[in-house]
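Notes follow the structure.
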Amino acid sequence: MVWGISIDKEVVLIVVLASPVLLLLWRRRQVKSKEISEFPRCPPGLPILGNCMLLKSGAHRVLADLAWNQGYGDLFGLWLGSIPTVVVSSADLAKEVLHAKDKILANRGKYLFVEDLYYGFNSGPVFSSYNPRWVWSRKILTMEVLTIKRMQQLQHIRYSELRRLLKRLQDSSAGGTRPISVGRHISDMTANTTLLVLQSKLPENAITSPAELVQILEDEAMPSMGDFIPSLAFLDSLNKRRRRRAHKRIDALMDSILDERRQEMAQRLQNELPQDYLQVLLSKEGPMDEEHLTTTEIKGMILDLFGGGVHTSSATLEWAMAELLRHPECMRRLQTEVDTVMSQHCNGVNSVDDVLVDDDHIQQMPYLQSIVKEVMRLHPILPLIFPRVASTSFNLGKYQLPAGTNVLVNAWAIARDPRYWDRPTEFWPERFSKSDIDFSGQHYQYLPFGAGRRMCPGIRLGLSVVHVTLANLVRHFDWGIPDGKSAKDIDMSCKGGIGNSRAVPLLAIPKRRIC
Ligand code: HEM
């Protein structure tokens with residue numbers, strides 16, 4: 001999910017027509033805003049809607065422009081309907097939000113789509129409030145599910161999906177003569193891989209395929225007007241019905257996955273069962289108490305792990321391929337690094353296909369690691385991280401802000417800020433070769449996985465998928481740009497919506513390499 005609001009034109013029209021009544025409500029909000037002493041300066045907004053229209057699409061760019069070019073600076077305010085919101089655009093303030101005030105700001109907002117499409121607040125890790133149950137379930141995720149050991153146990157699944165991807169690229173491009181949609185192929189692979197690490201096999205004849213599930217989450221998981229102006233929630237009723245229908249399909253898929261495994265658990269010994277995420281979670285199924293996860297919580301966790309794992313990795317990989325196509329010198333240097341490392345592992349092997357680049361090889365590929373860091377600097381998939389919501393009043397900068405304030409950290413703007421980065425808008429992976437900046441959430445000018453207690457728990461898996469897939473894509477193929485186009489023609493705009501995806505799908509021609 002990204003912080004973009006779905007606002008239909010009709011809604012704006014209705015708001016205008018109903019403005020006399022709504023103005024009364026607005027006056028009440030204005031009174032409330034005056035009660036907050038010294039709220040940071042806000043850009044002008046519309047009655048009732050406040051600044052919602054600013055966030056319609058590409059919010060991170062619009063907010064960066066306000067901070068940098070329109071004099072609003074590192075900390076400014078917004079009124080999203082009736083919700084007081086502040087936007088942070090410096091590393092120091094990001095540190096205050098994600099480190100010093102991390103506990104107060106560890107809540108998520110309550111969005112209608114979480115009720116309709118997901119399993120409600122507090123059932124999955126992503127949208128749960130910060131509470132003891134969330135702390136416990138997060139511990140399960142980090143200590144039992146998303147561990148290095150389990151990643152290693154499930155490595156073979158990932159590698160076999162990767163082989164399938166490489167074969168599909170070869171086939172779909174008709175042996176390197178036809179352009180293919182890079183992102184779609186990679187997204188199919190990450191969707192299959194994520195479902196496989198979750199539950200070891202792809203559901204057969206499922207009501208909803210992995211690719212459809214990705215599409216549903218991409219289309220529907222987005223805040224709507226009623227989240228910010230509760231009195232206008234009724235205007236969202238058509239979308240609500242669509243989200244509920246989508247939820248039914250998701251729930252039927254979850255039921256079939258869970259039922260099948262429960263049957264296996266009844267028939268097989270513990271050591272004969274797959275060691276996947278589902279097994280860890282289902283082995284804790286039970287009543288709502290301190291030792292068990294309820295069925296709804298398990299479904300919520302599976303959905304969040306799927307949603308968290310698929311799009312983030314595939315969108316990052318698509319950006320990476322776009323940058324490499326635009327910078328052939330970086331592509332060549334990367335291929336040389338990968339070939340050099342792999343030549344030490346290919347003795348006696350007949351074909352490049354026989355050996356995949358895997359996690360162990362990645363350690364020996366510093367340039368690959370710099371490329372991935374640089375791609376995530378320029379194209380963080382959650383450019384505003386996830387909004388944090390204050391559980392009590394708190395101070396930020398010179399302001400005392402009330403409980404319920406939403407805080408947006410513009411990680412995209414901070415990662416392009418000349419105060420922290422030389423040549424900030426350039427793709428220049430070498431910047432990381434002598435730098436100690438990493439993904440750990442300790443460097444607040446660089447936050448692709450967030451920071452603090454709500455930092456991404458899937459960081460290891462996400463990075464492994466991105467590194468290993470990218471290395472294999474350039475090892476196995478030379479990549480060309482479709483006829484009549486050049487590197488300059490590759491559109492680098494982003495679309496808004498879920499994550500920071502590319503607006504225009506990347507087309508390229510993979511030509512098999514013989515090393
Ligand atoms: C390149 C890959 C990935 C990127 C860039 C990424 C990025 C992020 C970011 C920025 C957040 C918000 C952190 C915050 O609020 O401070 C997040 C949260 C989350 N991510 Fe990831 N992620 C990736 C892969 C994964 C994977 C593979 C999984 C699991 C399979 C995953 C599961 C989650 C979950 C469950 C949360 C919510 C954590 C919470 O609220 O406590 N992510 N991710």
Side-chain angles (χ1 to χ4, degrees), residues 1-3 60 88 94-95 97-99 102 105-109 114 118 121-131 133-142 145-147 150-151 154 158 186-187 190-191 193-199 217 276-278 281 300-320 372-373 375-377 379-389 406-412 415 439-441 444 446-470 498-501:
M1 180 200 80
V2 88
W3 193 254
H60 53 282
V88 159
K95 184 172 182 184
V97 169
L98 301 170
H99 179 67
D102 182 31
L105 292 169
N107 275 336
R108 301 283 192 213
V114 181
Y118 285 66
F121 314 113
N122 299 330
S123 60
V126 177
F127 298 107
S128 173
S129 301
Y130 178 67
N131 59 40
R133 190 114 186 122
W134 174 84
V135 173
W136 179 63
S137 61
R138 166 105 187 178
K139 214 179 261 169
I140 297 174
L141 274 189
T142 50
V145 176
L146 295 163
T147 59
R150 203 163 301 281
M151 232 172 85
L154 298 169
R158 287 176 36 216
I186 296 175
S187 173
T190 54
T193 306
T194 311
L195 256 195
L196 283 166
V197 292
L198 274 162
Q199 59 122 25
L217 297 180
D276 52 21
Y277 300 174
L278 178 62
L281 300 177
M301 274 182 151
I302 294 177
L303 190 56
D304 276 357
L305 289 172
F306 185 83
V310 176
H311 183 76
T312 46
S313 315
S314 64
T316 302
L317 280 160
E318 196 182 4
W319 282 118
V372 170
K373 280 185 178 165
V375 169
M376 291 191 171
R377 181 185 72 82
H379 311 286
I381 293 309
L382 292 171
L384 298 171
I385 313 188
F386 273 127
R388 306 290 177 99
V389 179
N406 279 11
V407 180
L408 303 181
V409 175
N410 196 343
W412 181 89
F439 302 105
S440 62
Y444 293 86
Y446 186 65
L447 296 164
F449 291 91
R453 63 196 72 209
R454 300 220 64 149
M455 186 175 169
C456 176
I459 178 168
R460 264 192 301 255
L461 178 60
L463 283 176
S464 165
V465 170
V466 171
H467 282 121
V468 171
T469 308
L470 187 60
I498 278 218
N500 182 18
S501 315

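All ligand and atom numbering here is 1-based and tracks the order in the structure. From a predicted model like this one, the values you see are computed outputs, not experimental measurements.
Atom 37 (C) of ligand 1 has Val126 CG2, 3.6 Å as its closest protein atom, hydrogens excluded (heavy atom only). Protein heavy atom closest to atom 30 (C) of ligand 1, with residue, atom name and distance, is Leu305 O, 3.5 Å. Counting only heavy atoms of the protein, atom 12 (C) of ligand 1 lies nearest to Phe386 CD1, 3.5 Å.
Minimum heavy-atom separation, Val465 to Ser313: CG1-CB, 4.0 Å. Closest approach of Arg460 to Thr147, counting heavy atoms only: NH2-CA, 4.0 Å. Scanning all heavy atoms of the two residues, the minimum distance from Val197 to Asp276 falls at O-CB, 3.3 Å. Summarising the geometry of Leu217 relative to Gly307, their closest heavy-atom pair is CD1-CA, 3.8 Å, with the distance given to 0.1 Å.
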TODO: With side-chain contact (heavy atoms from CB on, under 4.5 Å) as the test, would you mind laying out the steps for Asn122 and Arg133 before giving the verdict?
DONE: CA-CA 8 Å; Asn122 299 330; Arg133 190 114 186 122; over 6 Å; no
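Residue Asp304 places no heavy atom under 4.0 Å from ligand 1. Contact annotation: Met376 has at least one heavy atom less than 4.0 Å from an atom of ligand 1. Heavy-atom separations between Ala451 and ligand 1 include at least one value shorter than 4.0 Å. Residue-ligand proximity: Phe306 is placed with every non-hydrogen atom at 4.0 Å or more from ligand 1.
For the pair Asn500 (side chain) and Pro380 (backbone), a donor-acceptor distance under 3.5 Å is present. A donor-acceptor pair under 3.5 Å is formed between the side chain of His467 and the backbone N or O of Leu463. Ser314 places a side-chain N or O within donor-acceptor distance of the main-chain N or O of Val310, the cut-off being under 3.5 Å.
Against a heavy-atom cut-off of under 4.0 Å, Arg388 is close to the following atoms of ligand 1: 14 (C), 15 (O), 16 (O). Taking a cut-off of under 4.0 Å to the non-hydrogen atoms of Arg138, the atoms of ligand 1 that pass are 38 (C), 39 (C), 41 (O). Every atom of ligand 1 with a heavy atom of Trp134 under 4.0 Å away is listed here by number and element: 41 (O). Which parts of ligand 1 touch Ile385 is read off a 4.0 Å heavy-atom cut-off, strictly below it: atoms 12 (C), 13 (C), 14 (C), 15 (O), 16 (O). When each atom of ligand 1 is checked for a heavy atom of Pro448 under 4.0 Å away, the hits are 5 (C), 7 (C), 10 (C). Heavy-atom proximity to Pro125, at under 4.0 Å, picks out these atoms of ligand 1: 35 (C), 39 (C), 40 (O), 41 (O).
Tally of protein N, O or S atoms closer to atom 21 (Fe) of ligand 1 than 2.8 Å: 1.
A search for side chain to side chain donor-acceptor pair (under 3.5 Å) contacts involving Thr142 returns nothing, not counting sequence neighbours. Legend: residues meeting side-chain contact (heavy atoms from CB on, under 4.5 Å) with Thr316, ordered by chain and number and at least two apart, are Val375, Met376, Ile381, Val466.
Taking a 6.0 Å sphere around NZ of Lys95, one finds it holds 12 or fewer heavy atoms contributed by other residues, nucleotides or ligands.
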For residues 447-457, please give each side-chain donor-acceptor pair under 3.5 Å, one per line with the distance, not counting sequence neighbours.
| unit_1 | atom_1 | unit_2 | atom_2 | d |
| --- | --- | --- | --- | --- |
| Arg453 | NE | Asp102 | OD2 | 3.0 |
| Arg453 | NH1 | Tyr130 | OH | 2.9 |
| Arg454 | NH1 | Ala106 | O | 2.8 |
| Arg454 | NH1 | Ser128 | O | 2.7 |
| Arg454 | NH2 | Pro125 | O | 2.7 |
| Arg454 | NH2 | Val126 | O | 3.4 |
| Arg454 | NH2 | Ser128 | O | 3.0 |

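At a heavy-atom cutoff of 4.0 Å, ligand 1 is contacted by no atom of Ala411, backbone or side chain. Only side-chain heavy atoms of Arg108 come within less than 4.0 Å of ligand 1; its backbone N, CA, C and O stay farther off.
Between the side chains of Arg158 and Thr469, no donor-acceptor pair of N or O atoms lies under 3.5 Å.
In this structure, CG on Asn131 lies 8.0 Å from CG on Asn107, to the nearest 0.5 angstrom.
The shortest N or O to N or O distance between Arg454 and ligand 1 is under 3.5 Å.
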